[in-house]
Amino acid sequence: MIIEISKKFPIILAGIYLHIPFCKQACSYCDFHFSTNLSRKADVVAAMVMEIALQKDFFDEKTILQTIYFGGGTPSILSEAELRQLFEAIYFHFPVAEDAEITLEANPDNMHEANLQAWRSLGINRLSVGIQSFRQDDMKWMRRSHSVTQARQCVQDARKAGFDKLSLDLIFGGPNLSLAAWRENLESLLAFQPEHISLYALTIEEKTILHNWVQKEKLEPASDEVYQQQFLLAHELMTAAGYEHYEVSNFARPGYRSRHNSSYWKGLPYLGIGPSAHSYDGQQRSWNISNNFKYMQSLQQGQPATAEREELSLKDRYHEHIMTGLRRVEGIDLAEIKALFNIDMQKNFASELEGLLRRKQMWMQGNRLGFEPEGWIISDEIISRFFID
Ligand code: SF4
């Protein structure tokens with residue numbers, strides 16, 4: 001049921017995120033929710049179909065889905081039939097815009113011809129590909145399930161299959177990644193001319209294999225200076241190649257920003273389906289149980305799989321507004337913040353702002369405040385200085 005956007009009524013745009021909690025193997029750095037035991041894959045998909053039906057009234061009736069995003073985990077591990085079940089449930093219960101952005105996160109080793117064609121026929125029009133590196137040494141410590149040859153081949157195969165919206169991911173700040181090697185990785189990526197690029201700084205999360213190696217001094221994490229140099233090199237090469245650095249970790253050719261992620265950063269509502277998925281209805285945040293078995297059990301009993309729910313206070317909303325706003329190249333509007341939260345940032349944080357502007361870590365134009373690339377790489381730490389008690 002694809003519907004055209006009516007001009008008669010005010011339309012509320014929203015997105016749906018589906019978390020597919022399965023992976024072929026565990027990458028060393030990953031702390032997302034997933035299982036490598038695939039025996040319950042079909043049952044979890046069946047439970048997700050039940051959850052979609054249970055959440056059919058999640059949005060206001062004037063809401064139209066403008067984005068559908070399959071993330072994970074590894075959504076490309078699903079069979080065509082499993083993906084079809086999820087699509088049928090979504091289209092049955094929600095109106096979907098005719099030009100909806102429909103993204104599937106895909107790993108290179110799943111991107112063979114039959115899958116690519118099946119994804120196209122299901123209406124998937126954007127692939128976000130977990131390349132992570134073009135260096136075989138990195139594949140080893142990352143414990144990725146694909147090879148460098150597959151990483152290169154999959155992009156060409158996706159083009160051949162007709163995908164004209166590709167987002168490619170790389171990770172920087174990894175062990176033994178010199179600036180020269182990072183430059184080579186970026187140049188390899190640019191040679192494919194993807195429409196969208198995500199570059200993530202490696203973080204060493206607790207309870208990961210990587211954390212364990214670092215604790216045992218088998219691997220040394222990169223220094224802050226290395227992170228900074230690699231981030232700035234990426235900014236320089238990407239912008240020189242015509243990409244907009246539109247969000248701290250994301251680059252796009254004009255007209256190809258991720259609509260789904262942009263909605264998060266703009267504070268639009270979204271519904272999360274699947275174990276551990278988060279939702280936001282404009283007032284409340286909620287998140288699902290992070291356990292596949294308990295998630296299924298709950299839905300089989302006709303109960304939502306919500307683990308917790310929180311009402312956002314005005315202070316929470318302010319923090320969230322500046323955290324998401326300052327991730328974007330447009331930055332934040334100080335007059336809007338004053339109107340929404342009664343917080344005069346220019347007055348309350350005058351000396352802080354003066355230092356950041358003087359050191360060229362931030363910029364201010366009229367009422368807008370945003371990060372220079374030199375400040376963006378340490379933006380989490382800087383933003384926390386604007387929090388209120
Ligand atoms: S494939 Fe993605 S979700 Fe799965 S373990 Fe690796 S990084 Fe994590």
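In listed order, ligands and their atoms are each counted from 1.
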Pair listing, side-chain hydrogen bond (donor to acceptor under 3.5 Å, both in side chains) test, anchored in residues 330-345, at least two apart:
R257-E330

Residue pairs meeting side-chain hydrogen bond (donor to acceptor under 3.5 Å, both in side chains), one or both in residues 108-119, sequence neighbours left out, come to K24-D109, S76-N110, D109-S145, H112-N115, E113-Q117

Does the ring center of Y246 lie less than 6.0 Å from the ring center of F251?
no

Protein contact of atom 3 (S) of ligand 1 - nearest heavy atom, named by residue and atom, plus distance:
G73 N, 3.3 Å

Basic-acidic side-chain contact under 4.0 Å: E352, R385:
yes

For Q153, the side chain to side chain donor-acceptor pair (under 3.5 Å) test, sequence neighbours excluded, returns D157

For atom 6 (Fe) of ligand 1, check which protein N, O or S atoms are under 2.8 Å away and list them.
C27 SG

Does atom CD (E220) have a neighbourhood of more than 12 heavy atoms from anything else shown, all under 6.0 Å?
no

